[in-house]
Amino acid sequence: MTVHFIGAGPGAADLLTLRATRLLAQSRLCLYAGSYLDAAVLEHCPHDARLVDTQDLDLDAIVAEVVAAHGRGEDVARLCSGDPSVYSALAEQTRRLDAAGVPWDVTPGVAAYAATAARIGRELTVPEVAQSVVVTRAQRDSTAMPTGESLEAFAATGATLALHLAVRRVRELAQRCAVHYGEDCPAVVAYRVEQPEELVLHGTLADIADQVEAHDIRQAAVVLVGWALRAEGFVESHLYSRLRAAGPSAAARAAEDGGLR
């Protein structure tokens, strides 16, 4: 018996991996966060599986469910919104499972920021505009951010920002980002992207908060900020350039002549 931590992606039933659907189909217990998940995802579970919504459970109660299933010899599917590598409480849960001697594994999923980028048809890393993506969160009624991981520190780099757990503070965060990106920097807020209730707002740091408040979005949203969201006239990368096609010697000569960026 194994506990399977499964990335449920942005919540769409058809954005799960083949491995994820196979594991769901064999698990007698499925724990999921109902506030972030389209119910259609649960259709991958056996018709007689026990389904537990964890949105009102604390960590002790969740682990107790898993340990009890382990005692019954059942596989468990623990659905995580997005990808388990980010903001999934994977570390807290697996630490307790290790202490209880319960085996587990992890299946990745589509991160919410990646699903949002796909929905708006934008690459988040554009040559000479932004070559880094910072995935971070806002701090309010949550654990403290580590020293050095302030929003200002990340914004100062000019990287594309993917802000989670931030939509309730979007006005304040937009103002703080505007100091570094400018008020006309594009911003996108995606609510329940790839789900039936999906709403994607396009704006700038000057007006995105007005849109969010007008639609009363309070959760289940990711905020993207950065000039890559509206990049035009950018240079082409070396990846598919004629110099690369000509071979490494041509590229090396061009580099020596200052011909490559």
Side-chain angles (χ1 to χ4, degrees), residues 9-12 15 36 81-83 85-87 109-140 142 145 148-240 261:
L15 277 180
Y36 291 96
S81 59
D83 181 79
S85 66
V86 181
Y87 307 126
V110 178
Y113 75 86
T116 301
R119 172 56 74 201
I120 65 176
R122 284 291 182 175
E123 183 180 359
L124 303 183
T125 54
V126 177
E128 296 189 0
V129 177
Q131 289 289 279
S132 301
V133 178
V134 175
V135 181
T136 187
R137 65 167 174 85
Q139 179 188 342
R140 190 174 184 178
S142 58
M145 293 291 286
E149 291 191 18
S150 69
L151 180 62
E152 286 75 12
F154 292 135
T157 68
T160 304
L161 300 181
L163 304 176
H164 291 251
L165 309 174
V167 72
R168 292 193 181 192
R169 299 177 58 195
V170 67
R171 183 171 297 280
E172 172 207 337
L173 298 176
Q175 292 171 347
R176 291 165 62 186
C177 285
V179 174
H180 299 277
Y181 292 91
E183 290 191 347
D184 57 341
C185 179
V188 170
V189 172
Y191 169 76
R192 293 192 180 278
V193 66
E194 294 288 353
Q195 296 190 40
E197 308 91 339
E198 174 187 278
L199 178 63
V200 180
L201 305 176
H202 296 260
T204 66
L205 290 175
D207 64 22
I208 196 65
D210 292 335
Q211 296 187 54
V212 168
E213 292 169 2
H215 288 89
D216 196 29
I217 299 175
R218 297 175 178 272
Q219 65 174 1
V222 63
V223 181
L224 298 181
V225 175
W227 286 102
L229 301 176
R230 198 169 65 207
E232 297 177 356
F234 50 86
V235 301
E236 296 185 347
S237 70
H238 176 52
L239 182 61
Y240 298 113
R261 62 180 180 84

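If you're wondering where the values come from, they're calculated on a predicted model, not measured in any experiment.
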query = Once you round to the nearest 0.5 Å, how far does CG of Leu205 lie from CZ of Arg176?
reply = 12.5 Å
Neighbour count >12 (heavy atoms, 6.0 Å) for atom CZ, Arg171 = yes
inquiry  = Show the nearest heavy-atom pair for residues Val222 and Ala112, with the distance to one decimal.
reply    = CG1-O, 4.1 Å
remark   = Those residues at least two apart in sequence (or on a different chain) that pass side chain to side chain donor-acceptor pair (under 3.5 Å) with Glu149 are none
note = Nearest heavy-atom approach of Pro10 to Val193 is CB-O, 3.4 Å
For the student: nearest non-hydrogen atoms of Val225 and Ala187, plus distance = CG2-CB, 4.3 Å
ask   = Can you find a pair of side-chain heavy atoms, one from Leu15 and one from Glu194, that are under 4.5 Å apart?
value = yes
ask   = Is there a side-chain contact between Glu183 and Gln175, using heavy atoms and a 4.5 Å cut-off?
value = no
inquiry  = Let's go through Ser132 and Thr160 carefully: what are the C-alpha distance in whole Å and the side-chain angles of both, what is the deciding distance for side chain to side chain contact (heavy atoms under 4.5 Å, CB included) to 0.1 Å, and is it a yes or a no?
reply    = CA-CA 6 Å; Ser132 301; Thr160 304; over 6 Å; no
inquiry  = Using 30° and 60° as the class boundaries, would you call the ring planes of His164 and Tyr87 parallel, tilted or perpendicular?
reply    = tilted
task = Decide side chain to side chain contact (heavy atoms under 4.5 Å, CB included) for Arg137 and Met145; before the verdict, give the C-alpha distance in whole Å, the side-chain angles of both, and the deciding distance to 0.1 Å.
result = CA-CA 9 Å; Arg137 65 167 174 85; Met145 293 291 286; 3.8 Å; yes
query = Glu198 side chain to Ala190 main-chain N or O, any donor-acceptor pair under 3.5 Å?
reply = no
ask   = From Leu173 CG over to Arg168 CZ, what is the distance, rounded to the nearest 0.5 angstrom?
value = 13.5 Å
query = So do the side chains of Val189 and Val200 get within less than 4.5 Å of each other, counting heavy atoms only?
reply = no
key: Side-chain touch Leu201/Ile217, heavy atoms, less than 4.5 angstrom   = yes
key: Side chains of Leu124 and Leu224 in contact at under 4.5 Å (non-hydrogen atoms)   = yes
message = Looking at Leu229, is its backbone amide N or carbonyl O close enough to the side chain of Arg122 to form a donor-acceptor pair, meaning the two atoms are under 3.5 Å apart?
response = yes
ask   = Atom CD of Gln219 and atom OH of Tyr191: how far apart are they, to the nearest 0.5 Å?
value = 6.5 Å
ask   = Does Val134 offer a backbone N or O that forms a donor-acceptor pair with the side chain of Tyr113 under 3.5 Å?
value = no
Check: Asp83 side chain, Val110 main-chain N or O, donor-acceptor pair, under 3.5 Å = no
request  = Find out whether Thr204 and Arg230 are in side-chain contact, i.e. whether some heavy atom of one side chain is under 4.5 Å from a heavy atom of the other.
outcome  = yes
task = Could you tell me whether Glu213 atom CD has more than 12 heavy atoms of other residues or ligands within 6.0 Å of it?
result = yes
inquiry  = I'd like to check Leu161 versus Tyr181 (side-chain heavy atoms, cut-off strictly below 4.5 Å). Are they in contact?
reply    = yes
ask   = Hey, does the side chain of Gln131 reach the backbone of Val126 with a donor-acceptor pair shorter than 3.5 angstrom?
value = yes
inquiry  = Do Cys177 and Leu151 have side chains that approach each other closer than 4.5 Å (heavy atoms only, starting at C-beta)?
reply    = yes
